[in-house]
Amino acid sequence: MYENRKRKHYTPPSTTGTTASHPLSRNMQPPPTTATTSKKTLTLTPSRLKDLLIILSFLIIIYLLFSSPRPQLSLTPRTTPSTTYLTTRRHIVFSIASSSTSFIHRQPYIRLWYNPTTTRAFAFLDREVVDPTGNNNRSVIDPTLPPVIISKDTSSFPYTFKGGLKSAIRVARVVKEVVELNEPDVDWFVFGDDDTVFFVENLVTVLSKYDHNGWFYVGSNSESYSQNVKNSFEMGFGGGGFAISYSLAKVLARVLDSCLVRYAHLYGSDARIFSCLAELGVGLSHEPGFHQVDMRGDLFGMLSAHPLSPLVSLHHLDAVNPIFPKMSKTQALEHLFNGVNVDPARILQQTVCYDPVYSLTVSVAWGYSVQVFEGNEFLPDLLTPQRTFMPWRRGGSAEFTRFMFNIREYPRDPCKRPLVFFMESVTNGGKNGIWSNYIRHDVADCNRGYAMKNLELVRVLSQKLEPDIEQMKAPRRQCCELSPLFNGSMFISIRKCGADELIAMHS
Ligand SMILES: *[C@@H]1O[C@H](CO)[C@@H](O)[C@H](O)[C@H]1NC(C)=O
Ligand SMILES: *[C@@H]1O[C@H](CO)[C@@H](O)[C@H](O)[C@H]1NC(C)=O
């Protein structure tokens, strides 16, 4: 029944106060013409014409007297053209691939992004969770977590990948099982692991670029070159999560079982979904905000140079250091969400400004870090992640150390590195803007220049970044301005760049 639902294109609420049919409405028919038929029945004698003119002018006068001032017809293009699709949090159904043993341990990650009143999600487990006495007992699960579904038996499917996990088939079939729940009003099905952290508002924004009535498979490949060689550069990696539009998911669910038997030799569930979608003739729409995070150690270099696309997901957070210093992994993520909850679209977005007085270069990754470099740094260099992290696989050939993006070396000598500040707090001042504060993080006692020596705090003022889908299709980095250093503090104001403004050093 849900295939027939009619909610399709986004029609923004009328701003003119009238309830009249929208000028762009595709259903509007031209008024029927009666001129040709009236010619045959009416003979226009001069006196009749006179009467007609009198009646007509009378009607015009009545109209002018009683009609209220008409709203001005705008000739500028509508702000939300018909290529934008209204997807909200409620139109996305998440499926979390988990198991009865890992679900309990991964609860803190799921709690970060899942809210039982605003998010729709199901956790697919291999079997019931047990309480300490060994009994099947779901009451050990936090009731604010997504409802649990026990996956169907997949033992009849073949699995031949040596050293792999047969659960890959169970997890691939989550796509079929979630579709068969027949949930109402679904635009997108989104799949992730129990250690995938989603940034749901940004996911909504990114998916709104695509027509959920079409067949779309949206996600990202791995950061690791060798992982992509092994799987495919065109595969949506399951840990970073991927989205399948409603209509595509319906078809995939119907054909999945017949397809799975052909891919017994593959390792993971995501490779199976990728292969079956390929059989349906569908390829991946790459979105750089999904992060499989096939890397270890310190993610600083990657997080402080995020692409212009909104941050959609982070994965493998058990395998990396806490993303903020002096915090546990979970605390650090909760801390990041202090910023995410105030301005989700701006989280990690990088802005660069130059200080002509002290010759400093400042790079802000909003809600996360600020880096202050002595001297002028070229902008493209700053947009390149620094190598603070390690490859997923240690040892082996050089191929394993290759990443899918350009990398800058991160100096071993901490005194040659930029001064780093980490987000300390974000406060929403409403119309007055959002203040985010970043405090200095020293790893060594370095001899810094005059301006940097006393700098303890960076305060950043910005306005909430309202996601505009049309702008997102052609995103532009914002500009920032530095105020003179004062009392150990630096003030930065982020704003839209001027039409032909350059983000450039002052020569
Ligand atoms: C289920 O687990 C809860 C919490 O551990 C416990 O209080 C309850 O008695 C258990 N129920 C059964 C039927 O074992
Ligand atoms: C200067 O900074 C110190 C420490 O951060 C603070 O206590 C003091 O109030 C500041 N002074 C002014 C004038 O802002």
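Counting convention: from 1, in listed order, for ligands and their atoms alike.
A pairwise comparison of heavy atoms in Trp366 and Ser436 identifies NE1-OG, 3.3 Å as the closest pair.
Ser224 meets the side-chain hydrogen bond (donor to acceptor under 3.5 Å, both in side chains) test with Ser226; sequence neighbours excluded. Listed by chain and number, the residues in a salt bridge (Lys or Arg N to Asp or Glu O under 4.0 Å) with Arg170 amount to none (sequence neighbours excluded).
Counting the atoms of ligand 1 from 1 in the order shown, those under 4.0 Å from a heavy atom of Asp131 are 1 (C), 2 (O), 10 (C), 14 (O). Ligand 1 places these atoms under 4.0 Å from at least one heavy atom of Ser139: 1 (C), 2 (O), 3 (C).
With hydrogens and angles disregarded, no donor-acceptor distance shorter than 3.5 Å links the side chain of Asn437 to the backbone of Leu457. A donor-acceptor pair under 3.5 Å is formed between the side chain of Arg346 and the backbone N or O of Gln463.
For atom 7 (O) of ligand 1, no protein heavy-atom neighbour is present inside the 4.0 Å cut-off.
For atom 2 (O) of ligand 1, the nearest protein heavy atom (residue, atom name, distance) is Asn137 ND2, 2.2 Å. Protein heavy atom in closest approach to atom 5 (O) of ligand 1: Val140 CG1, 3.9 Å.
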